[in-house]
Q: 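Got a structure for you, questions after.
Note on naming: letters A, B, ... go to the chains in the order of the sequence lines (proteins, then strands), and numbering restarts at 1 for each one. The analysis underlying the following values was restricted to heavy atoms, covering all of them including side chains, and did not include hydrogens, waters or symmetry mates.
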Protein chains: 4
Amino acid sequence: MKCAIEVLAESGYSGASLAEIARRAGISKSVVLYYFSGKDDLLSSVVFDVYGRAGQAIAEALSHETSPGEKIAAYVRTNLHFLEEHAAEIRAVVEIVSNARGADGTHSFVPQGEDPVLAHLEELLREGQGSGDFREFDAHYLAIIIRSAIDTASGRLVVDPSFYLGAYTRELLSVVELATGTHRTEDSS
Amino acid sequence: MKCAIEVLAESGYSGASLAEIARRAGISKSVVLYYFSGKDDLLSSVVFDVYGRAGQAIAEALSHETSPGEKIAAYVRTNLHFLEEHAAEIRAVVEIVSNARGADGTHSFVPQGEDPVLAHLEELLREGQGSGDFREFDAHYLAIIIRSAIDTASGRLVVDPSFYLGAYTRELLSVVELATGTHRTEDSS
Amino acid sequence: MKCAIEVLAESGYSGASLAEIARRAGISKSVVLYYFSGKDDLLSSVVFDVYGRAGQAIAEALSHETSPGEKIAAYVRTNLHFLEEHAAEIRAVVEIVSNARGADGTHSFVPQGEDPVLAHLEELLREGQGSGDFREFDAHYLAIIIRSAIDTASGRLVVDPSFYLGAYTRELLSVVELATGTHRTEDSS
Amino acid sequence: MKCAIEVLAESGYSGASLAEIARRAGISKSVVLYYFSGKDDLLSSVVFDVYGRAGQAIAEALSHETSPGEKIAAYVRTNLHFLEEHAAEIRAVVEIVSNARGADGTHSFVPQGEDPVLAHLEELLREGQGSGDFREFDAHYLAIIIRSAIDTASGRLVVDPSFYLGAYTRELLSVVELATGTHRTEDSS
DNA sequence: GATGAATGAGGCTTCATTCAT
DNA sequence: AATGAATGAAGCCTCATTCAT
């Protein structure tokens, strides 16, 4: 799986053939299929493994925060921090999620209706609105905007050598603060 | 090219084989290769064609605006409006840009250093800062955030039937306004 | 298809890989798949082609006969005569029919319920019974016996160099005559 | 071996991989190769085991009969009776015998020249002719006809749910009686 | 006695491309 | 201008077998 992640991150979805993955791992293609029932299984495993660890890290971080503003900030910070330390893994997952398709041609990993990841962020936003910490906005669409800013980062890391994740995190935090209106609330307190 | 765009939008990069494209166009594979020197040429043509028309639409829209705040707003509005009317084309370009790779394994259409599209938006932001209309922020990173919000929309249109581009545009405009600080400037005037 | 038949007849079902068939035809595997949509299609085509021609030959021969006894005799004679002139083709069809299986594991070409080939022979037998030419017997089971004697011949031709089809035909005709009781009818005339 | 027989009978020769056989037996592939030197050895063992027991049953049954007509009848009856009680085993053997081939491409289990099974039946027929019980016929070819009628039964059991072995046995016995002419002899006595 | 790990050969199929017409 | 024929590389996967434990 580690080698699969590397190849996916470096060579993209189409470049991640079993042959290439096996070559990188110094084993034969057959070994990969000995441990995974097929390529789909391998890719699924990568996705769920990374998703699982990322989700855990985020949940852990959020558990330390109480105010909605701090929760959102922790959410963004943890996401980008996880990305910093697991850049290739996130890159690999993005490649898989955006390219893997089933026999019917539909995306295999993109939820068609309700997206749990998005729904989670959306709820954090709504909580802030409920408590009066946040201004009025459409939580669904703002969640999409914030997620897109998070998801784009892994790509930037690859193509933009000058992309500094620390500064990006700071800028995004400030945008989120302004967008949610957290700032004003603190002012009025 | 029209059929290539349709197939790319519906079936993704891997599903867009010459055979499939030709089948949809009701012609033979050979015809495609008669008009384009190869698959790469076909994809390039699609990218440049769409990019060209999108760029033209944006340039035209910006020429009507004068203040930095209005320019940025027009930029966002025109981008999303173009997407609304050319959803498949944008989707196709995204598929190509994020997947096409040269023989060396590097992305074919993602500029490695300076990204002209990003640089353009970045400059609009800097102009607003220069004129005092915008607050202090890192123009490069904010540009990335805004672009990501724009680019994610084409994907949402595909998987999320409830995604309403009009509301999304409104929300994004409001975020951009807050993020650039355009609002406050107007307040103080 | 001719080469596929040859390989099937000589090397059996498992030996009849696309590679081997293509090698024998002096072409590349791809060419086979250019003319047939897949291996299944190739095998189907062989089966239906041979079946069609055999069925036509039999129908033609039966049309010249009137009495039930002569019809059955013509049926047997034509079947074995067709086999004599198209030994490899029959051998190939037998290999396919008895080995080809669908994804669910069931035979692809063996009719699960009503077997039209068997039903045809069965009806010939029943006609003879209806007209009083034949004795009492179970038409279904006798049809199975006669067909098995016909079908076994192609295998014999392969493994038994001393197998002489002319003599076999004569013996089988005599058995069929005795089994149907055609003989007695002639006695009573 | 029991599981190998089941798989062969249900899934056919191509479906009978070591993996599948081991899976059904609830053991690992390695165990199979620990007890048998290879797949060929496993299949050989199945063939000889079943052949041995079938031959024994037949020999035992024949030893109770004296007249040629009764011997032939017992031969047919015992063959089909054994099939009834060991359908899967016979089916498995048929699959192996008709498909297994050596490296040179020739059948592994089909005797190229003299077939002992056929020769045995042939001799029974000749004995009947020698004693004057049977009419004149070509013993070799009649033996082939009778064997084919016996061998086809295992296949019928699989594809034809309405195939009733008892009735088939009765019909075949009657055909054999007529074909050998046993009946007339008894009449004239 | 039993097994998990690993492998290389081979199977079917898809694909972008070349060539002659 | 258009196309059918042909190809070789590559992709995923199955299989019988070997080896060390």
Q: Any base atoms under 4.0 Å from Leu18(A), or only sugar-phosphate, or nothing? Heavy atoms, all strands.
A: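 Result for Leu18(A) = sugar-phosphate.
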Q: Can you tell me if Ser108(C) and Arg101(C) form a side-chain donor-acceptor pair at under 3.5 Å?
A: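 There is no such pair (donor and acceptor under 3.5 Å, judged by atom type) between the side chains of Ser108(C) and Arg101(C).
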Q: Of Ala19(C) and Ala16(B), whose nearest nucleotide on DNA chain E comes first from the 5' end?
A: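 The answer here is Ala19(C).
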Q: Heavy-atom nearest nucleotide on DNA chain F for Ser14(D) versus Glu20(A): which residue maps closer to 5'?
A: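 Between the two, 5'-proximity favours Glu20(A).
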Q: According to a strict under-4.0 Å criterion, is Tyr35(C) in side-chain N/O contact with OP1 or OP2 of dG4(F)?
A: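 Indeed not, no polar side-chain atom of Tyr35(C) lies that close.
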Q: For the pair made of CG in Leu33(C) and P in dG11(E), what is the distance, rounded to whole Å?
A: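 Distance, rounded to whole Å: 13 Å.
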Q: Expressed in angstrom and rounded to an integer, what is the separation of Ile21(B) atom CD1 from dT14(E) atom C1'?
A: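 So the two atoms are 14 Å apart, to the nearest Å.
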Q: Let me know, please, whether Ser30(D) or Asp40(B) comes out on the 5' side of the other along DNA chain E by nearest nucleotide.
A: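 The 5'-side residue here is Ser30(D).
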Q: Whole angstrom is fine here: how far is it from CZ in Arg101(B) over to C1' in dA16(E)?
A: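 Value for this atom pair: 19 Å.
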Q: Considering heavy-atom distances to DNA chain F, does Gly15(D) or Ile27(C) have its closest nucleotide positioned more toward the 5' end?
A: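 Here Ile27(C) is the residue nearer the 5' end.
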Q: With a 4.0 Å limit, can you tell me whether Ser28(A) has a side-chain N or O closer than that to the phosphate oxygens OP1/OP2 of dT7(E)?
A: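 The answer is yes; a side-chain N or O of Ser28(A) sits under 4.0 Å from OP1 or OP2.
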Q: State plainly whether the residues Arg156(B) and Asp151(B) are in salt-bridge range, i.e. N to O under 4.0 Å.
A: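 No salt bridge links Arg156(B) with Asp151(B).
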Q: Please report the distance, rounded to the nearest Å, between CG in Leu42(C) and C1' in dT13(E).
A: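 In whole Å, dT13(E) C1' and Leu42(C) CG are 14 Å from each other.
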Q: Side-chain donor or acceptor of Lys29(D) under 3.5 Å from a matching atom on the base of dT17(F)?
A: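 Counting by modelled atom types and ignoring angles, a donor-acceptor contact under 3.5 Å is found here.
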Q: Given the ring of Tyr13(A), does Lys39(A) sit roughly above its face, with NZ or CZ under 6.0 Å from the centre of the six-membered ring and within 45° of the axis?
A: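 Positive - Lys39(A) is close enough to the ring of Tyr13(A) and near enough to its axis.
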Q: Do the side-chain N or O atoms of Ser17(C) get closer than 4.0 angstrom to the phosphate oxygens (OP1, OP2) of dG11(E)?
A: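 Indeed, a polar side-chain atom of Ser17(C) lies that close.
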Q: If you measure from the Lys or Arg side-chain nitrogens to the Asp or Glu carboxylate oxygens, is any gap between Arg91(D) and Glu10(D) under 4.0 Å?
A: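 No salt bridge links Arg91(D) with Glu10(D).
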Q: Using a cut-off of strictly less than 4.0 Å, decide whether Tyr34(C) has a side-chain nitrogen or oxygen near OP1 or OP2 of dA5(F).
A: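 Yes, because at least one side-chain N or O of Tyr34(C) sits under 4.0 Å from OP1 or OP2 of dA5(F).
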